[in-house]
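My questions all concern the structure below.
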Amino acid sequence: MNEPLHLWLIPLFPVAGFLLNGILGPRLPKRLVTAIGVLAPLASLALVLNAWALTTLFAAKTCAGCGPGTAVVLPYAETLPYPWLAIGPLHADFSLVLDQLSLVMLLVVTGVGFLIHIYSAGYMRDDPGYARYFSFLNLFLFFMTVLVLAGNILLMFVGWEGVGLASYLLIGFWFQKPSAANAGKKAFIVNRIGDLGFLIGIFLLLGTFATLGFFQIHARLAMSPGWHGGILTVICLCLLAGATGKSAQLPLYIWLPDAMEGPTPVSALIHAATMVTAGVYMIARLHFLFDRSDFALGVVAIVGAATALFAATIGLAQNDIKHVLAYSTISQLGYMFLACGVAAYSAAIFHLMTHAFFKALLFLAAGSVIHALDGEQDLRKMGGLRTKLPVTFWTMTIAVFTIAGFFPLAGFFSKDAILYAAFLEGAGGRILWFVGLLTALLTALYMFRLWYLAFLGQPRTPDAHPHESPLSMRGPLVILALLCVCGGWIGIEHFSSYLGPATAANRALPSGNAQLERLLSAAAVGVALLGWFIADWFYRRKPDSPARVAAALPVSYNLIANKFYVDEIYGAVIVKPLLMTSKYILGWVVDTAILGGIAWLLAGIASLSGMILARWQSGNLRSYAAWLAAGAAVILLFVLLATWPHAWSSHFFRVETVIKLRQVTVLHFGQVRH
């Protein structure tokens with residue numbers, strides 16, 4: 001009998017921290033706020049580590065000294081005893097599932113999340129919204145763990161929307177700044193566009209399979225091995241729309257650079273290590289759908305490769321240190337989509353894990369630089385920080401070499417696995433491989449540019465007095481640096497073998513020629529060295545060269561520096577027409593003319609009716625008697641007209657009767673008048 005894991009406790013601790021700090025935080029001492037905010041993710045991490053020990057160390061066997069039944073077999077499922085939705089064909093419970101894929105994601109989310117919570121205690125210590133910040137951070141962790149543990153796509157959608165809400169709150173945390181408030185709204189609105197496609201995909205899944213459970217859908221697909229394309233392609237493309245929004249891929253990537261308006265630890269947690277990888281996780285989780293549509297997989301691969309190259313190009317000319325890292329994040333997510341598109345899901349998740357290490361380290365080290373320079377983020381105003389911030393410098397150095405893909409750091413193994421998988425996909429895969437290789441060159445170039453401008457050379461702001469960050473900020477930097485060094489040593493073969501049961505062993509990373517693999521690895525390291533050499537030439541040996549190149553190629557430079565004017569194009573083509581439509585068509589025609597006209601007409605009818613009724617209620621007794629007689633006459637006339645054909649032919653009705661009735665009526669009205 002398996003030992004229960006109580007998966008529901010994993011999201012319970014963060015939501016408890018959210019409620020405590022959100023309700024009581026402003027009245028609690030700062031130390032207690034910190035304890036609540038940090039212990040919540042620590043408790044979740046402890047539960048995840050316990051689950052990892054029981055499912056990985058003791059899975060399918062009994063260890064020495066362990067009692068019988070200690071092992072927990074994956075996938076492990078728990079369903080809370082409270083029904084959720086049961087409406088016609090829609091039946092969804094609060095079902096939580098732990099398998100190899102969700103366990104890896106949970107380790108990343110809670111592990112890196114815990115380190116960022118510790119870092120935040122030092123980075124945000126003087127902020128007046130300290131309790132509110134930790135409350136929002138815990139809320140994000142709650143929704144992210146729900147997303148990962150969800151056993152059906154409807155519960156995943158709850159976590160999906162929840163992290164969008166938490167992201168909005170954290171991006172706009174400094175809501176007094178118009179730029180931060182606008183960035184939060186932009187992230188929220190752009191993600192709603194993608195989420196509309198995601199929601200349509202959910203409806204199509206329900207209509208097609210009459211269930212929303214992951215394993216139930218997989219089982220029904222397994223009973224139809226020849227089912228490919230068609231409605232499955234439509235479903236996959238709708239789900240991909242949601243993934244492009246959440247994971248900042250073309251064409252919905254535009255929210256992520258602006259999201260840097262939030263606190264830097266938020267950028268590290270949400271926009272580098274966890275939330276932005278939700279789209280990759282969703283595709284890997286639903287791989288059995290994407291495997292049935294070669295067209296959908298091709299679209300995923302093309303979107304990923306195009307995004308990786310596009311974002312890397314923009315990163316070359318950005319001067320805000322966080323914007324460089326933001327476009328780097330978009331580019332690295334493109335690598336993950338590329339891996340999913342060639343069905344190398346294990347390579348995608350492997351890069352997701354290593355990316356969480358080095359990108360969180362890059363953002364936190366950048367935060368340490370910003371903290372040391374009292375909020376300065378412009379690379380052109382930095383320089384010479386190597387001796388002033390030794391811990392930050394060396395940890396940032398490890399992160400830069402890791403993202404560039406140098407052996408034997410973690411980024412080398414995961415990026416190499418993606419490029420290798422793409423190369424083995426035939427002619428189309430060779431094109432994707434070349435795009436990935438070119439992106440690797442650009443990645444090394446803009447990351448070493450950041451490294452040289454921030455840490456080497458002479459200080460370009462003489463009046464600045466940089467200082468190293470406190471221990472609460474340096475500690476997570478060192479731990480993440482160690483993970484960058486050794487995080488990839490597990491190797492893609494072992495990682496792929498571990499994820500095989502969750503991502504389908506037949507779609508794991510293919511094995512090929514060992515000599516070819518070494519050759520491709522050498523090419524990847526070679527382009528990283530070339531990128532370093534170019535950055536060294538431009539920013540150390542010939543520091544005046546970038547200005548000369550920009551002057552010689554003003555059109556190209558301005559195009560890249562202004563991010564290909566994508567925001568401006570979206571504003572002119574989409575945003576302004578929508579605003580004009582809302583203002584003139586919906587505002588004037590629909591609101592003022594139609595709805596306003598209907599309201600005016602109804603008001604006029606009511607006013608006219610009131611005037612008529614007011615004249616009836618005159619208070620004059622003789623007037624009331626006249627109206628009574630007139631009413632009686634009308635009723636009598638109506639009766640006569642209704643019975644006229646029959647009465648005309650009968651012997652009971654005579655003209656004399658009508659004349660006599662008329663005389664009586666005239667006599668009566670005359671008496672009333674007198």
Side-chain angles (χ1 to χ4, degrees), residues 147 150 152-154 156-157 159-161 164 189-214 216-218 220-221 224 226-256 276-311 330 333-345 348-349 352 422 425 428-429 431-432 435 503-504 507 566 570 574:
L147 188 157
N152 60 71
I153 197 168
L154 191 60
M156 173 184 273
F157 188 69
W160 188 277
E161 292 299 293
I189 293 170
V190 171
N191 273 277
R192 297 295 73 73
I193 298 171
D195 292 349
L196 175 61
F198 193 97
L199 197 57
I200 294 173
I202 293 176
F203 291 146
L204 292 175
L205 277 174
L206 180 62
T208 304
F209 297 98
T211 182
L212 295 176
F214 296 131
Q216 291 82 354
I217 296 174
H218 192 187
R220 296 187 185 188
L221 275 175
S224 304
W227 190 4
H228 290 80
I231 187 63
L232 298 181
T233 297
V234 177
I235 292 172
C236 290
L237 293 178
C238 289
L239 297 176
L240 175 61
T244 56
K246 196 67 70 182
S247 293
Q249 297 294 284
L250 287 171
L252 299 179
Y253 74 94
I254 55 173
W255 65 271
L256 184 58
V276 291
T277 61
V280 180
Y281 172 75
M282 183 268 292
I283 293 176
R285 169 60 69 198
L286 294 171
H287 67 89
F288 45 82
L289 284 173
F290 286 86
D291 285 343
R292 299 298 185 97
S293 175
D294 291 336
F295 179 80
L297 282 178
V299 173
V300 173
I302 292 172
V303 167
T307 304
L309 181 59
F310 179 80
I330 298 170
L333 289 167
Y335 271 113
M336 300 175 208
F337 272 72
L338 170 59
C340 289
V342 297
Y345 304 109
I349 301 301
L352 184 155
E425 283 294 304
I431 297 174
L432 296 174
V435 172
T503 58
R507 303 299 291 185
V566 172
Y570 280 8
I574 299 175

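Every heavy atom of this structure was used, including side-chain atoms; hydrogens, water molecules and symmetry mates were not.
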>> Donor-acceptor check, side chain of Arg292 to backbone of Leu221, threshold 3.5 angstrom: yes or no?
In response: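 Confirmed, Arg292 side chain pairs with Leu221 backbone.
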>> Please find the pair of heavy atoms, one from Val280 and one from Ala348, that lie closest to each other, and give the distance.
In response: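 That closest heavy-atom pairing would be CG1-CB, 4.2 Å.
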>> Once rounded to the nearest 0.5 Å, what's the spacing between atom CZ of Phe209 and atom NE2 of His218?
In response: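 The distance works out to 10.5 Å.
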>> Go through it in stages, so that I can follow the logic: the residues are Trp227 and Phe288, the test is ring-ring contact (aromatic ring centres under 6.0 Å, His included), and I'd like the CA-CA distance, side-chain angles, deciding distance and then a yes or no.
In response: CA-CA 11 Å; Trp227 190 4; Phe288 45 82; over 10 Å; no
> Do Asp291 and Leu297 come within less than 4.5 Å of each other through their side chains, counting heavy atoms only?
Replying inline: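 Counting from C-beta outward, Asp291 and Leu297 do come under 4.5 Å.
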>> Quick check on Leu206: does its CG atom have over 12 non-hydrogen neighbours (other residues, nucleotides or ligands) under 6.0 Å away?
In response: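 It does: Leu206 CG has more than 12 such atoms within range.
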> How far apart are the closest heavy atoms of Ile349 and Ala284, and which atoms are they?
Replying inline: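 Nearest pair, atom of Ile349 first, then Ala284: CD1-CB, 4.0 Å.
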>> Under a 3.5 Å distance rule, please check whether Thr211 uses its side chain to pair with a backbone N or O of Gln216 as donor and acceptor.
In response: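 No, because the side chain of Thr211 does not come within donor-acceptor range (under 3.5 Å) of the backbone of Gln216.
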> At what distance, to the nearest 0.5 angstrom, does CG of Asp195 lie from CD of Glu161?
Replying inline: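 These two atoms lie 4.0 Å from each other.
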>> Apply side-chain contact (heavy atoms from CB on, under 4.5 Å) to residues Phe157 and Leu147 and explain how you reach the verdict.
In response: CA-CA 7 Å; Phe157 188 69; Leu147 188 157; over 6 Å; no
>> Taking the side chain as everything from C-beta on, heavy atoms only, tell me whether Met282 gets closer than 4.5 Å to His287.
In response: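 Met282 vs His287: side chains apart.
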>> Can you confirm whether Arg285 sits close enough to Met156 that some side-chain heavy atom of one is under 4.5 Å from a side-chain heavy atom of the other?
In response: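 A side-chain contact under 4.5 Å exists here.
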>> Evaluate Tyr345 against Phe290 for ring-ring contact (aromatic ring centres under 6.0 Å, His included), listing each step before the verdict.
In response: CA-CA 11 Å; Tyr345 304 109; Phe290 286 86; 7.9 Å; no
> Atom CG of Leu239 and atom CD1 of Ile153: how far apart are they, to the nearest 0.5 Å?
Replying inline: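 It comes to 5.0 Å.
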> After noting the C-alpha distance and the side-chain angles of Leu333 and Thr307, does the key distance pass the side-chain contact (heavy atoms from CB on, under 4.5 Å) rule?
Replying inline: CA-CA 8 Å; Leu333 289 167; Thr307 304; over 6 Å; no
> Are Thr277 and Ser247 close enough that some pair of their side-chain heavy atoms sits under 4.5 Å apart?
Replying inline: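 They are not in side-chain contact.
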> Roughly how far apart are Cys238 SG and Ile231 CD1, rounded to 0.5 Å?
Replying inline: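 Nearest 0.5 Å value for the SG-CD1 distance: 8.0 Å.
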> Looking only at atom types and distance, does a side-chain atom of Thr208 sit under 3.5 Å from a main-chain N or O of Leu205, one as donor and one as acceptor?
Replying inline: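 No.
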> Yes or no on side-chain contact (heavy atoms from CB on, under 4.5 Å) for Lys246 and Phe198, after CA distance, side-chain angles and deciding distance?
Replying inline: CA-CA 10 Å; Lys246 196 67 70 182; Phe198 193 97; over 6 Å; no
> How about Tyr570: does its OH atom have over 12 heavy atoms from other parts shown lying under 6.0 Å from it?
Replying inline: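 Check passes, neighbour count above 12.
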>> Between Trp160 and Gly279 (side chain of the first, backbone of the second, donor and acceptor by atom type, cut-off under 3.5 Å), is there such a pair?
In response: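 Flag not set: sc Trp160 to bb Gly279 has no pair under 3.5 Å.
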> Is there a side-chain contact (heavy atoms from CB on, under 4.5 Å) between Ile200 and Ile235 once you walk through the steps?
Replying inline: CA-CA 8 Å; Ile200 294 173; Ile235 292 172; over 6 Å; no
> Is Val190 close to Tyr253 at the side-chain level, that is, under 4.5 Å between some pair of heavy atoms?
Replying inline: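 Sidechains of Val190 and Tyr253: no contact.
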> Taking atom CG of Leu309 and atom CG of Leu432, what is their separation to the nearest 0.5 Å?
Replying inline: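 So the gap between those two atoms works out to 11.5 Å.
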> So do Ile283 and Phe337 actually touch side chain to side chain, heavy atoms under 4.5 Å?
Replying inline: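 Yes, their side chains come closer than 4.5 Å.
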> Which distance, rounded to the nearest 0.5 Å, do you find between the CG of Leu250 and the CD1 of Ile330?
Replying inline: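 Those atoms lie 8.5 Å apart.
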